[in-house]
Amino acid sequence: MRRAWTELRLGVRLAFRGGADARWRVALTAVGVTLGVALLLVGASVPNIVSAHNARVAAANVDAGDAHAPLLGLWDLTSYRGKTVTGMALQAVDRDPPLPPGLNRIPGPGQMFVSLALRDLLRSPAGAELDRWLHARIVGTIGQSGLTGPDDLRLYRGASDLRAHSPMAIKSFGSPESDEFSGPLVTMLVILMSVGLLLPIAVFVATASRFGSDQRNVRLAAIRLIGADRIGTARIAAGEALSGTVLGVACGCLLFLALRPLISQLDIAGISVFSSDVRPAAWLAVLIVLLVPAASVALALLATRHAAIEPLGVSRRGAEPRRRLAWRLVTPILGFLLLLPLIGASHRLGSTIGQVQASAGVVLVLVGVSALLPWFVEAAVRRTEAGPLPWLLAVRRLRADHGTSGRVVSAIALTVAGAIALQTVFNAADAQSSTRVPVNSTPTALYPSGMLVRASDPASVVTRQLRSTRGVEDVVAIATNDLNPQVPVSVASCRNLELIANISGCAGRSAYIVSAESGLRGGQAVRVGGHRFRVPESAHRVASRQLTGKLAFAGSIPTGALLLTPSAAAHLGITADLVDAGVTLNPRVPGARDNAITTIARLDPLADIPNDPTTIGNHVLQQLQNVLFAGATAVLLVIGGSLLVAVAEQLRERRRVLAVLAAFGTRPSTIAWSVLWQNALPVALGLTLAVVMGVGLGDVLMHIIGLQASFDWGAIALLTAAAALVVATVTGVTLPIVWRQMRPEALRVE
Amino acid sequence: MSASQAARGATASGRPRDGNLISCTNLTKRFGSTAALDGASLDLAAGEVVAVMGPSGSGKSTLLHCAAGILVPDTGEVVFDAEQIGHMSDRRRSELRRTEFGFVFQFGRLVPELSCAENVSLPLRLSGVGRAEAARRADEWLQRLEVHEVGRSLPGEISGGQGQRVAVARALVTRPRVVFADEPTGALDSLNGERVMQLLTAAARDTAAAVVLVTHEPRVAAYADREVVVRDGKTRAS
């Protein structure tokens with residue numbers, strides 16, 4: 001035991017005190033592992049981030065009560081410059097109403113509690129227009145427990161007239177669970193994202209822990225010469241490998257802690273998380289801290305096993321044995337075999353077994369990319385002989401040893417394959433959700449509804465005020481009596497009534513009954529709300545029109561509706577003060593839409609204003625898609641960094657060969673081209689494999705969740721190009737190292 | 001001094017009387033605070049074999065590197081074929097090494113991922129010779145150096161003696177005017193060392209190439225026409 005400990009310590013000493021080269025290799029490994037571990041810890045925090053997000057959303061959900069509930073509430077979503085402001089109007093009807101999370105009291109009419117992010121926005125010039133829309137005084141801020149993230153734009157405002165808007169009766173706040181992040185589609189996406197983004201990082205960490213393994217083998221051979229046996233040599237190798245890795249794990253943990261506050265400052269198109277929610281799952285954190293060093297030791301031992309370390313030097317076989325295809329096909333085939341039974345059984349994704357099956361399937365298919373790539377590259381370079389000298393040097397180098405850069409390219413291919421599969425599912429899901437979400441607003445039209453306007457002729461008030469708004473071209477407004485009436489009543493001017501029904505000769509106190517089959521007839525006594533009246537004898541039966549264009553807001557006028565002019569409504573004593581409108585905007589007037597919303601907010605701050613058409617879409621999908629691109633970019637950048645380090649390390653190890661080539665008078669451009677081909681060839685092959693596997697995986701996953709096959713080739717090309725760009729940049733950045741290593745002066749070290 | 005040396009009539013500084021192909025005069029070269037060369041001189045006539053001898057760290061390899069245009073001396077001049085190497089651009093010096101010089105190093109220093117035949121044809125291909133022609137000429141030289149059978153092997157698969165013969169073939173395949181050999185037998189046993197030296201000098205004489213031979217072994221130096229001794233960065237004829 002004591003001997004083992006001594007040998008481990010010797011390995012550590014060799015790593016740190018073996019001169020500048022040894023320290024350089026430890027530093028490279030540590031930097032690589034630091035980045036990888038920090039990203040892995042962020043990834044391991046995703047389950048907590050998601051569950052904390054769900055808990056926060058659930059805490060703000062309302063538990064509906066009956067008519068005697070102590071609080072009335074109305075969701076009040078506003079789209080402002082591409083951002084969603086989540087609001088709720090509240091009206092206490094009891095002395096002891098339930099409080100929303102993060103509030104210490106219910107705001108009074110004209111008052112509001114806002115999140116810190118919203119408060120900052122409202123106080124900035126960028127939020128001036130929104131401030132006019134909200135038209136209420138800030139009396140406090142919402143506590144962290146009531147927000148989904150630090151950038152959550154949220155408000156609770158007081159109201160006094162909510163009943164007219166058909167509010168919810170609220171018994172309490174908080175529901176057992178949020179369903180925002182659930183369902184087979186979202187489950188599949190979360191699985192794919194976790195696997196697709198974390199696997200390349202794991203591959204990268206494994207690569208980083210093997211930097212400089214050739215030099216290590218030479219050192220170990222020298223130690224064998226002075227009497228170390230194989231087991232002792234393995235322990236020394238483990239000690240050396242552990243040095244950089246343990247240092248990297250420690251630095252990675254510190255980097256993660258340093259990144260946490262920064263993560264809370266990130267807002268990726270609407271996603272923000274509190275730094276307190278960025279906590280890795282304990283078991284995952286322990287696994288990372290233990291598994292990374294263990295994996296580095298295992299890989300070091302594996303590397304020493306492949307090279308026979310003998311007392312007189314490292315003896316290697318001159319040619320690498322040919323890679324076999326058969327076992328490399330096992331992983332992807334097994335992966336697809338696990339996934340295929342899930343087709344048509346997406347409900348199984350709701351169970352733990354189903355999720356494990358899907359995760360394992362995805363992992364195996366993606367790992368298959370890494371397993372197949374070395375064989376694919378070898379098969380390709382074995383068949384390429386002819387070509388100019390740089391090509392020959394590159395191909396032969398690849399044939400001799402794919403080495404570290406090959407492993408890093410595997411990580412890039414894995415990332416791209418995972419991202420393509422994800423992008424494919426996103427694309428199909430987007431296509432599906434866009435058919436579900438009704439587009440009830442266009443850039444040149446606005447359809448506000450439920451405007452509560454207390455006036456003798458509310459529709460005329462709305463029409464007049466909106467028409468006098470800059471940028472508004474035309475307005476059609478109709479007042480209704482109730483949102484869920486027994487007898488629907490629509491009150492509008494004759495001009496507007498003629499637009500919604502086949503009416504002629506409308507004047508003064510005209511009244512109409514929609515549809516001939518209606519049971520309603522002239523002279524019949526009816527009750528609307530608490531008011532009782534008789535339908536005028538003169539009321540004509542009319543047919544409703546197909547409502548399109550600027551009248552689309554009104555929906556179809558229901559059978560049995562009573563259409564009245566304002567004079568007729570006043571004569572009958574009917575109150576119809578909820579106004580729906582169709583507003584035509586002039587696209588040439590800047591800010592026309594904002595101006596119209598300001599006018600509507602003045603008429604009724606609780607009016608329902610549909611989303612900005614540019615922001616309509618599936619919110620959750622958009623959030624996940626943003627995370628995908630951010631994650632894929634981060635992973636590609638980190639892997640690009642590691643590829644850079646790997647190529648630099650490889651050039652360092654080959655500096656004598658490069659110096660000899662330089663002594664022969666080899667042009668630097670010849671070597672530069674060979675380095676480019678050496679990097680580009682595996683990348684081109686890797687990306688080809690990634691596209692094929694990614695598209696195949698995406699297709700299977702779409703079938704599992706029952707979506708139509710739909711490929712966004714533009715996005716796939718973009719991802720592929722991004723990966724290719726990373727490699728081209730790395731090659732460009734390493735060229736100065738090539739020039740430096742090619743100085744024939746390097747021969748002097750011989 | 002050998003008979004051939006006497007016949008050629010070397011001067012006390014090691015300078016032959018006429019027909020210099022390379023002239024190195026008063027070279028100094030420092031690496032940090034260490035003076036590797038301190039006024040060393042070396043002349044080489046066409047077709048001549050010169051052994052540069054001296055103990056380890058005396059500066060003999062640095063002298064070879066300066067003479068070959070691999071290193072630029074701090075002071076002094078190196079003239080090749082009436083052209084000052086120190087005044088040449090890096091590109092021109094590379095071209096010179098590619099077309100006029102050949103190199104043999106202690107451990108062969110073959111490119112490990114290329115086969116032995118490809119290693120030999122490498123200088124030709126660098127000079128723009130076509131693949132087939134380069135392969136044919138490489139094959140010829142491998143036969144001449146008695147290692148034809150290892151042409152398809154990788155350097156890692158052959159013995160040190162075979163590797164060094166492949167390296168000699170690589171140095172001579174372009175028919176250079178000067179071959180620089182830095183401890184060409186340093187890593188070989190005496191039998192293999194002898195054979196490599198026989199083949200190297202015979203081939204060099206056949207092609208009329210001059211040879212600068214850095215060694216500390218008198219047995220190897222005996223193959224040279226004359227010897228120059230380097231000690232503490234200074235040269236003197238032996």
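Reckoned from all heavy atoms, side chains included, excluding hydrogens, waters and symmetry mates. Convention: sequence-line order gives letters A, B, ...; per-chain numbering from 1.
Other residues, nucleotides and ligands place no more than 12 heavy atoms under 6.0 Å from the CG atom of B:Asp232. Shown here is B:Arg231, whose CZ atom has no more than 12 heavy atoms of other residues, nucleotides or ligands within 6.0 Å.
B:Arg97 places a side-chain N or O within donor-acceptor distance of the main-chain N or O of A:Ala662, the cut-off being under 3.5 Å.
Among all heavy-atom pairs drawn from A:Ala663 and B:Phe105, the shortest one is CB-CZ, 4.1 Å. Residues A:Arg667 and B:Leu126 approach most closely at NH1-O, 3.3 Å, considering heavy atoms. Taking every heavy atom of both residues into account, A:Arg396 and B:Leu114 meet most closely at CG-CD2, 3.5 Å.
Side-chain contact between B:Leu122 and A:Leu661 is present, with heavy atoms from C-beta onward closer than 4.5 Å. Counting heavy atoms from C-beta on, the side chains of A:Val660 and B:Leu110 never come closer than 4.5 Å.
Distance check: A:Thr666 OG1 to B:Arg125 CZ gives 12.5 Å after rounding to the nearest 0.5 Å.
In this structure, the portion of A:Pro388 lying under 4.5 Å from any heavy atom of chain B is its backbone and not its side chain.
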